[in-house]
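Here the structure is a predicted model, which is why all the values come from computation and not from measurement.
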Amino acid sequence: MYALVDCNNFYVSCERVFAPHLEGRPVVVLSNNDGCLIARSQEAKDLGLKMGEPYHLVKPLLEQHRVKVFSSNYGLYGDMSRRVVQVLSSFTSEVEVYSIDEAFLNFSGLKWLTKGEDLLRYGQRVRQTVLRDTSIPTCVGIAPTKTLAKLANRRARLHGTNGVLLLETPAQWEAALADVSVDTIWGVGRRYARKLLDMGIDTGLRLANMPEHWLRRHMGGVVGQRLWRELHGQPCLEWNPAEWDDEDQLHPAHASRRSVTCTRSFGRPQHDAAALSEAVATFTAKAAEKLRRHGVAAHLVTVILGTDRFAPGTEPKTHTAVVSLSASSSDTTRLAQAALLGLQRLRRPGTAYSRAGVLFSGLEPEGQGQLGLFSAPAANQQRSQQLMQTLDGLNARFGRQLVRLAAQGTARNAAGQVQPPAWAGRSAHRSPLYTTGWNELWEVR
DNA sequence: TCTGGGGTCCTAGGACCC
DNA sequence: TCTGGGGTCCTAGGACCC
């Protein structure tokens with residue numbers, strides 16, 4: 001049995017923890033660059049505000065109903081997420097962190113819980129403890145497969161007992177499947193939903209009642225087949241448990257990551273070579289830090305430049321250039337050299353770009369594969385490792401990006417005042433870094 | 001004027017190589 | 001007339017998830 005714990009409206013909950021007066025008021029959180037709505041409180045949903053809606057289109061409505069607007073504050077959300085997972089891992093060591101606001105618990109190990117009642121009560125205790133220790137509300141769905149646990153979770157708030165729903169028997173999950181539209185099933189996205197509805201397959205149960213080979217044939221091969229089995233109570237999605245390391249960070253137990261990226265939209269289009277270089281160097285530094293945090297090094301550096309995605313026309317809006325390294329690296333200076341080389345190959349003078357980024361792939365554990373004919377001598381590698389450790393240490397202690405490459409440009413103007421670069425994205429409504437920034441700690445007066 | 005970012009897996013054509 | 005086949009890399013795009 002699996003339990004899915006989902007923090008409903010997680011970003012809104014995080015903001016409300018530090019602004020309790022917003023309880024009961026409509027609240028929304030915007031994506032990076034204040035682009036669109038990515039989280040809504042129930043009151044905001046009731047106003048008809050939709051997920052992913054462009055901010056500039058709904059701004060009048062937000063003002064009319066005095067909706068509180070936040071720019072996204074991932075420093076805060078990431079830290080709150082870590083606290084929630086810490087509580088969850090006190091209930092079972094078998095935790096899989098699926099996203100910033102969801103985690104699966106493997107209840108199969110809890111052999112002493114054989115009766116439905118007991119599992120239900122256990123789920124309720126998980127939920128109450130998370131709420132007590134972090135102030136974050138959750139729902140819990142429990143079922144024999146991840147896909148059915150997801151379904152149980154979605155229905156827990158309205159059809160569960162104290163926010164927990166158990167779907168243990170085929171009769172129970174079939175009744176639930178019959179009561180949901182097919183597009184709410186995990187693994188059925190916009191395109192498949194359209195196709196299924198056109199064929200009259202409108203509920204989850206109708207989909208589950210199609211033959212297994214039909215899903216294999218028409219819904220992405222083995223992906224569709226797995227979906228069919230999951231809907232029939234046969235678990236066939238992988239279990240990727242997480243482990244805590246010495247520094248209290250959670251990592252998947254086996255290194256499954258295939259790539260690491262950092263891309264951003266600019267506040268306004270950029271065509272200047274110097275500005276683009278600074279942006280790419282900055283994104284490289286951020287992504288390289290992530291590589292080192294995961295203990296991996298990259299062989300391939302892909303530079304990404306994007307023009308206006310919404311401009312009419314059919315020409316490609318995304319341009320990429322791949323630079324391969326003779327030996328894998330997680331050193332910011334080495335990776336930035338490669339990225340700037342890629343940028344030079346990619347950039348067309350006079351073209352205005354609205355976003356840029358880097359992608360690292362061909363990953364392998366750090367310190368491996370460096371014995372090649374052309375790799376740097378051991379002494380250089382050791383020096384590079386020490387330098388990066390010092391850099392990460394300083395940035396962790398004194399604030400992100402305090403120590404940086406010259407290529408990233410300066411964050412201060414001639415008078416020494418902190419000033420965002422010309423290419424910075426918009427973030428007009430960000431709340432303070434209550435829990436992770438020395439200058440922004442929560443004040444209780 | 002204004003429409004996110006980070007992932008996974010899969011497909012497909014063209015260049016290039018042997 | 002007839003003009004291979006298999007492999008890799010690059011680039012772009014489509015589907016899904018959060």
Side-chain angles (χ1 to χ4, degrees), chain A residues 4 6-11 28-39 50-60 62 71-74 77-78 81 96-104 146-147 150 153-154 183-196 218-224 226-227 237-238 240 252 256-269 283 286-287 290-291 294 299-306 308-311 314-324 342 345-346 352 354-363 425-428:
Chain A
L4 174 61
D6 184 307
C7 311
N8 342 48
N9 311 330
F10 178 59
Y11 299 163
V28 298
V29 178
L30 305 179
S31 66
N32 261 327
N33 209 22
D34 291 348
C36 39
L37 274 52
I38 55 167
K50 303 234 164 48
M51 178 71 177
E53 221 159 5
Y55 176 44
H56 71 270
L57 292 183
V58 293
K59 210 168 170 182
L62 296 173
S71 300
S72 43
N73 184 349
Y74 287 102
Y77 311 148
S81 172
E96 175 179 335
V97 178
Y98 181 71
S99 72
I100 196 166
D101 64 348
E102 284 169 287
F104 286 103
K146 286 182 169 180
T147 306
K150 193 89 182 169
N153 183 285
R154 280 182 164 261
D183 59 2
T184 64
I185 300 296
W186 199 35
V188 178
R190 250 199 9 251
R191 296 301 290 257
Y192 286 145
R194 184 73 259 157
K195 184 164 137 181
L196 292 168
H218 294 104
M219 294 187 69
V222 293
V223 179
R226 276 200 289 258
L227 174 59
L237 294 178
E238 253 184 80
N240 296 312
S256 53
R257 182 176 287 268
R258 314 297 308 270
S259 65
V260 166
T261 84
C262 179
T263 70
R264 288 285 180 280
S265 294
F266 302 134
R268 52 191 72 247
F283 303 156
K286 284 189 183 174
K290 204 189 287 181
L291 281 181
H294 286 89
H299 267 289
L300 297 172
V301 178
T302 303
V303 181
I304 301 149
L305 279 184
D308 183 1
R309 285 183 295 160
F310 301 94
T314 55
E315 72 281 3
K317 304 296 198 295
T318 301
H319 306 270
T320 61
V322 181
V323 179
S324 48
R345 292 215 310 250
L346 207 52
S354 43
R355 33 187 279 273
V358 293
L359 182 151
F360 298 145
S361 55
L363 305 187
R426 286 179 297 271
S427 181

Novice: When the nearest nucleotide of DNA chain B is assigned to A:Ser265 and to A:Arg258 on a heavy-atom basis, which residue is associated with the more 5' position?
Specialist: A:Ser265
Novice: Please check this pair: side chain of A:Glu53 against backbone of A:Lys50, looking for a donor-acceptor N/O pair closer than 3.5 Å.
Specialist: yes
Novice: With a 4.0 Å cutoff (strictly under), does any side-chain N or O of A:Lys290 reach OP1 or OP2 of B:dG7?
Specialist: yes
Novice: Please state how far atom CZ in A:Phe283 lies from atom P in B:dG4, giving the value in whole angstrom units.
Specialist: 14 Å
Novice: With a cut-off of less than 4.0 Å, is there a side-chain N or O of A:Thr318 near OP1 or OP2 of C:dG13?
Specialist: no
Novice: Check whether the side chains of A:Asp308 and A:Ser354 place a donor and an acceptor atom closer than 3.5 Å, and report yes or no.
Specialist: no
Novice: Rounded off to whole Å, could you give me the CZ-to-C1' distance for the A:Phe10 and C:dC18 pair?
Specialist: 13 Å
Novice: Of the candidate nucleotides B:dC2, B:dT8, B:dG6, which contains the atom at the shortest distance from the side chain of A:Ser259?
Specialist: B:dT8
Novice: Examine B:dG5: is either OP1 or OP2 under 4.0 Å from a nitrogen or oxygen in the side chain of A:Ser72? Give yes or no.
Specialist: no
Novice: Using a cut-off of 4.0 Å on non-hydrogen atoms, how would the nucleic acid contact of A:Arg190 be classed: base, sugar-phosphate, or nothing?
Specialist: sugar-phosphate
Novice: Partner of B:dC18 by Watson-Crick or G-U wobble geometry, both contacts under 3.5 Å, or none?
Specialist: C:dG5
Novice: Counting heavy atoms from C-beta on, name the nucleotide in C:dA15, B:dG7, B:dG5 closest to the side chain of A:Arg191.
Specialist: C:dA15
Novice: On the nucleotide B:dG5, are OP1 or OP2 found under 4.0 Å from the side-chain N or O atoms that A:Ser31 carries?
Specialist: no
Novice: Would you say A:Thr320 places a side-chain N or O within less than 4.0 Å of OP1 or OP2 belonging to C:dA12?
Specialist: yes
Novice: Would you indicate which nucleotide in B:dG6, C:dC17, C:dA12 comes nearest to any side-chain atom of A:Trp186?
Specialist: C:dC17
Novice: I want to confirm an ordering. Mapping A:Tyr74 and A:Val260 to their closest nucleotides on DNA chain B, which one lands closer to the 5' end?
Specialist: A:Tyr74
Novice: Is A:Asp101 touching bases, backbone alone, or none of the nucleic acid, heavy atoms closer than 4.0 Å?
Specialist: sugar-phosphate
Novice: In whole angstrom, give the distance that lies between atom CD1 of A:Ile38 and atom P of B:dG4.
Specialist: 11 Å
Novice: Can you tell me how far C1' in B:dC17 sits from the matching atom in C:dG4, rounded to whole Å?
Specialist: 14 Å
Novice: Over how many whole Å does the gap from A:Met51 atom CE to B:dT3 atom C1' extend?
Specialist: 14 Å
Novice: Side chain of A:Thr263 only, heavy atoms from C-beta on: which candidate in C:dC18, C:dT11, B:dG6 is closest?
Specialist: B:dG6
Novice: In whole Å, what is the span from the CZ atom of A:Arg355 to the P atom of B:dT3?
Specialist: 12 Å
Novice: Describe the nucleic acid contact of A:Glu102 in one word from base, sugar-phosphate, nothing, applying a heavy-atom distance below 4.0 Å.
Specialist: sugar-phosphate
Novice: Please report the distance, rounded to the nearest Å, between CG in A:Leu237 and P in B:dC9.
Specialist: 13 Å
Novice: Taking for each residue the nucleotide of DNA chain C bearing the nearest heavy atom, is the 5' side occupied by A:Leu300 or by A:Glu315?
Specialist: A:Leu300
Novice: Is it true that, when you exclude A:Arg345 itself, more than 12 heavy atoms of the residues, nucleotides or ligands shown sit nearer than 6.0 Å to its CZ?
Specialist: yes
Novice: Can a donor-acceptor pair be found, under 3.5 Å and without considering hydrogens, that links the side chain of A:Asp34 to the backbone of A:Ala428?
Specialist: yes
Novice: Can you see if the side chain of A:Lys150 gets near the phosphate of C:dC18 - specifically, an N or O under 4.0 Å from OP1 or OP2?
Specialist: yes
Novice: Counting N and O atoms only, with roles assigned by atom type, does the side chain of A:Thr320 sit under 3.5 Å from a partner on the main chain of A:Thr302, one being a donor and the other an acceptor?
Specialist: no
Novice: With respect to the side chain of A:His56, which nucleotide from B:dG5, C:dC16, B:dC2 is positioned closest?
Specialist: B:dC2
Novice: By nearest atom, which of the nucleotides B:dG7, B:dT8, C:dC18 is closest to the A:Tyr98 side chain?
Specialist: C:dC18
Novice: Can you tell me how far P of C:dC17 sits from CZ of A:Arg226, to the nearest Å?
Specialist: 14 Å
Novice: Output, in order, the C-alpha distance, side-chain angles, deciding distance and verdict of side chain to side chain contact (heavy atoms under 4.5 Å, CB included) for A:Lys146 and A:Trp186.
Specialist: CA-CA 9 Å; A:Lys146 286 182 169 180; A:Trp186 199 35; 3.9 Å; yes
Novice: Indicate the atoms forming the closest heavy-atom contact of A:Ser361 with A:Ser259, along with that distance.
Specialist: CB-CB, 4.5 Å
Novice: Just compare B:dT3, B:dT8, C:dA12 and give me whichever is closest to any side-chain atom of A:His319.
Specialist: C:dA12
Novice: Let me know the distance between CD1 of A:Ile304 and P of C:dA12, rounded to the nearest Å.
Specialist: 11 Å
Novice: Using a 4.0 Å heavy-atom cut-off, does A:Val223 contact any base of the nucleic acid, only the sugar-phosphate backbone, or nothing at all?
Specialist: nothing
Novice: Measure from the side-chain heavy atoms of A:Cys36 and tell me the nearest of B:dG6, B:dT3, B:dT8.
Specialist: B:dT3
Novice: Is A:Lys195 touching bases, backbone alone, or none of the nucleic acid, heavy atoms closer than 4.0 Å?
Specialist: nothing
